[in-house]
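For reference, the structure discussed in these notes is given below.
All figures in this text were calculated on a predicted structure; none of them were measured in a lab. Proteins get letters first, then strands, A, B, ... in listed order; numbering begins at 1 in each.
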Amino acid sequence: MEANFTTLFAMHSAPKPHRNPSLSATPNPPKPIKIPTFPFPKRKAPSFIVHCTSLKPRPKHVAAETVKPVTAPPPSSSLSAQLERLAFFGKSREALELFEILQCGGGDEESLSSATYDALANACIGLRSPGAARSVFRHMVDTGFQFDQYARNRVLLMYLKCGLVSDARRLFEEMPERNAVSWNTMISGLLGERSFEEAFRLFLLMLEEIPEAVGSRSLVFGVQACTGLGSVFLGSQLHSAGFKLGLCDNIFVSSALIDMYSNCGCIDEARWVFDEMPEKNVVAWNTIVAGYALHGYSEDALGLYYEMQKSGVRTDQFTYSTVIRICARLGSLEHAKQAHAGMVRNGYGADLVANTALIDLYRKWGRMEDARNVFDRMPRRNLRSWNALIGGYGAHGMGEEAVALFDRLTEKKGLVPNQVTFLAVLNACSSSGLSGKGLEIFKSMAEDPRTKPRAMHFASMVDLLGREGRLDEALDLIKNAPFPPTENMWAALLTACRVNENLELGKFAAEKLFWMEPEKLSNYIVLLNIYNGSGRVSDAANVLEVMKRRGLRLLPACSWIEVKKQPHEFAFGDTSHPKSSEIYKKLGEVMEEIGTLGYAHGGGECFLPDVGVEEQRGSECHSEKLAIAFGLISTSSSSPLQVVQGHRVCDDCHGAIKMVTVVTKRAIVVRDASRFHHFRHGACSCGDYW
DNA sequence: CTAGGGTTAG
């Protein structure tokens, strides 16, 4: 391990973060949950730690982590003392105003005291104001302030925190001498700018120049740089070095390592570091839970969270925002509600991030009143909070509310809508038939160079026009876009053609898609449904033939429903559930009942838009129907049903469920692969377009 | 003497 880091770094070319691909795939492929319980087996140490023998452990640092009582500067009449007090109490703006007044005298001023500059630096950092930072530094230079190492480090920090990175870099280079704090400050600043490579190089330089000063703080930065670079290769070298230097029994280093490993796709190594920690604090727990979640192991992550509670560690707002996010991905409302309750109980009910995660969660469950409640109670909101709610309204066919919220947002100063906001509101307009408003917003985007519509916005407009049957306009929009058409745009057109039964254009769009994404099954199925719907049997057979030739097969469709915290899963024609006979009996009754209301089973074959053909011979016992039948017999007659599934609903089920809400007087929410269907009083929030 | 450290969202 004496091999020096510079050569190691040189060997290492263009690192790419290795992430679990399942996270970047479709937005909500939910899964049923089985929470594991954790015995904690000892894991094998990663081999690189065993191999590394040549470094000598350094004498243990005496932990100087004692917390000193901090006292405010005493009240005094002098301007600089007042300034210090203001800065101490976080009144940065006022402190800087006093500084300006102080400068008003002009001419030959004297330097302020070190403590006053300290306070000013804090004020500048608090406001992130580059202008103020520059003028404070200028004042120091102009008045002949005698810089010591401390003051130089403070200025360096001030510049970095105010975003003056290149000035800070120059300052750092020109420093007559640099101590550990100077290096750490500079490296940390570069990390904040996401200049990971430079940060890592600087860390190596520090190791060369003052190796004795590289302590656990520096190591944390080095490891963070590796996290940013996504390089487990470099990260494990640092782990190894830190291990030999005796720096790895530090909670900060351990947490940084856990984060590094999990962000580099090595969850087992992350877990090893975690298991080895003699004392695990909140951050370590939060990091490992987030790590499992990042890798898509949501159940394990939730299981670890329960383990965390058992261990007696106090959960914090980070815990809740992570756990709520996990619950949002899982098909579990009960776990989520408990997390919500715990968050409020422990005094984090006002946390911005956790509340935003809650909005997202409730919207994924179709509980828009709950989402709105959370939003209204939030003491502070950022753009993401607004986006989450606007998007939620859109996904549930509540376009009016989405637009109202969007208008409220644009009237506010301080927050400027971004790409996500626009996409959310355009989708909302489209799904609620507010085409006028949608077109208006789309036009307004194009007028402002900062919000030039992107491909996804065009796709949304294609959807909007297609919904109204304005297929020619939709096609024109695709052709006249300022960039080549994307998959999303053609897919939106294809859906429009299916609903509007436009065979020719549908075929055209489908062929574009087959060429662009030949592996994607749902495209073929949509075309198949178009052909079947218009009785073009031979064309349908052709599509099937092509699919077979390309070796396209799919997982069987399944749906699930949560009853009393237990998920119940159903596949097509499933008879494996213990209550299977009751379920089919109920299903039969309900189908008969809605039959008397005029429901007729859709005669021809109806394919689920994204499931293999051999999986479905008829839609009478599609998994969603089974899940709903089970929900009906196992919950009280007034409670709404929540069904989750990974495939899109077929026409027949969609029609049937609408009528089921009439005869049972229940609300039913189906969260499928592409959207929500909020069935109530015989209608669906999607407006029969999906 | 003071300063620099780890985790979170669409």
Side-chain angles (χ1 to χ4, degrees), chain A residues 27-28 64-65 68 70 113-115 117-119 121-122 125 148-158 160-161 178-189 191-192 206 213 215-224 227 247 250-260 262-263 270 273-274 277 280-291 293-294 308 315-326 328-329 343 348 351-361 363-364 381-392 394-395 417-424 456:
Chain A
N28 55 20
E65 309 274 339
K68 286 233 185 85
V70 191
S113 74
S114 183
Y117 284 125
D118 223 39
N122 283 337
I125 292 169
D148 56 2
Q149 192 60 39
Y150 175 76
R152 274 187 287 263
N153 287 342
R154 289 291 287 167
V155 174
L156 186 67
L157 179 72
M158 175 175 79
L160 284 166
K161 294 277 182 189
R178 294 178 271 262
N179 65 9
V181 176
S182 326
W183 284 93
N184 288 343
T185 306
M186 190 65 214
I187 298 174
S188 160
L191 290 172
M206 181 183 183
S216 55
R217 281 177 147 91
S218 314
L219 188 60
V220 165
F221 294 135
V223 173
Q224 278 186 287
T227 311
L247 298 174
N250 171 297
I251 40 170
F252 290 98
V253 173
S254 302
S255 300
L257 283 170
I258 295 172
D259 190 44
M260 184 274 294
S262 73
N263 272 292
V273 175
F274 178 78
M277 290 176 77
K280 304 163 177 46
N281 68 350
V282 213
V283 178
W285 278 103
N286 288 349
T287 313
I288 192 75
V289 170
L294 176 71
M308 172 183 186
T315 46
D316 66 4
Q317 71 275 34
F318 289 95
T319 320
Y320 290 110
S321 50
T322 307
V323 168
I324 291 166
R325 198 168 49 102
I326 292 166
R329 277 233 309 264
M343 165 184 137
Y348 298 106
D351 184 74
L352 192 152
V353 179
N355 275 312
T356 303
L358 267 178
I359 294 176
D360 181 53
L361 174 124
R363 101 184 207 185
K364 288 201 165 105
R381 309 176 186 110
N382 64 10
L383 192 56
R384 288 177 179 221
S385 329
W386 288 81
N387 289 351
L389 193 63
I390 295 174
N418 65 5
Q419 306 282 346
V420 180
T421 323
F422 279 112
L423 186 63
M456 52 189 180

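Listed nucleotides: B:dT2, B:dA3, B:dT7. Nearest to the side chain of A:Asp259: B:dT7. In this structure, of B:dA3, B:dT7, B:dT8, it is B:dT7 that holds the atom nearest to the side chain of A:Thr287. Distance from the side chain of A:Asp148 is smallest for B:dT2 among the nucleotides B:dA9, B:dT7, B:dT2. For A:Ala290, the listed nucleotide lying nearest its side chain is B:dT8; candidates were B:dG5, B:dA9, B:dT8. Distance from the side chain of A:Val283 is smallest to B:dG6 among B:dG10, B:dG6, B:dG5. Of the candidates B:dA9, B:dG5, B:dT8, the closest approach to any side-chain atom of A:Ser321 belongs to B:dT8.
Between the CG atom of A:Asp360 and the P atom of B:dA9 there is a distance of 11 Å, given to the nearest Å. To the nearest angstrom, P of B:dA9 lies 15 Å from CG of A:Asn387. As rounded to whole Å, 6 Å separates atom P of B:dG6 from atom CZ of A:Phe221. Atom OH of A:Tyr320 is separated from atom P of B:dT8 by 18 Å (rounded to the nearest Å). Rounded to whole angstrom, the span from the CE atom of A:Met186 across to the P atom of B:dG5 amounts to 14 Å. The distance between atom CZ of A:Arg154 and atom P of B:dC1, rounded to the nearest whole Å, is 17 Å. Between the C1' atom of B:dT8 and the CZ atom of A:Arg329 lies a distance of 14 Å, rounded to the nearest Å. Note: CD1 (A:Ile288) to C1' (B:dG6) measures 13 Å, nearest angstrom.
Taking only distance into account, the side chain of A:Asn286 never meets the base of B:dG6 through a donor-acceptor pair shorter than 3.5 Å. Below the 3.5 angstrom threshold, one finds a donor paired with an acceptor across the side chain of A:Asn382 and the base of B:dA9. The base of B:dG5 has none of its N or O atoms less than 3.5 Å from a complementary donor or acceptor on the side chain of A:Ser188.
Nucleic acid contact for A:Asn153: base, since at least one base atom lies under 4.0 Å from a heavy atom of the residue. Residue A:Val220 is classed as a sugar-phosphate contact, given heavy-atom separations below 4.0 Å to backbone atoms only. Base contact: A:Asn179 has a heavy atom under 4.0 Å from a base atom. Within the nucleic acid shown, A:Asp118 has no heavy atom closer than 4.0 Å to any nucleic acid atom. Contacts of A:Asn418 with the nucleic acid, taken as non-hydrogen atoms under 4.0 Å apart, include base atoms.
Residues satisfying the side-chain hydrogen bond (donor to acceptor under 3.5 Å, both in side chains) criterion with A:Asn122, sequence neighbours excluded, are A:Arg154. Residues satisfying the side chain to side chain contact (heavy atoms under 4.5 Å, CB included) test with A:Ser321, not counting sequence neighbours, are A:Val353, A:Ala354.
Look at A:Arg152 and A:Asp148 and you find no salt bridge, because none of the NZ, NE, NH1 or NH2 atoms lies under 4.0 Å from a carboxylate O.
Side-chain contact of A:Thr287 with A:Ser255: a donor-acceptor pair under 3.5 Å is absent, judged by distance alone. Side-chain polar atoms of A:Asn153 and A:Ser182 form a donor-acceptor pair below 3.5 angstrom.
Ring geometry, A:Phe274 versus A:Trp285: the interplanar angle exceeds 60°, so the pair is classed perpendicular (tilted spans 30 to 60°).
In this structure, A:Phe252 does not count as stacked on the base of B:dG6 under the 5.5 Å centre distance and 30° plane angle limits.
Put simply, A:Gln149 has no side-chain N or O that comes within less than 4.0 Å of OP1 or OP2 on B:dA3. Contact annotation: A:Gln317 side-chain N/O to B:dT7 OP1/OP2 distance is not under 4.0 Å.
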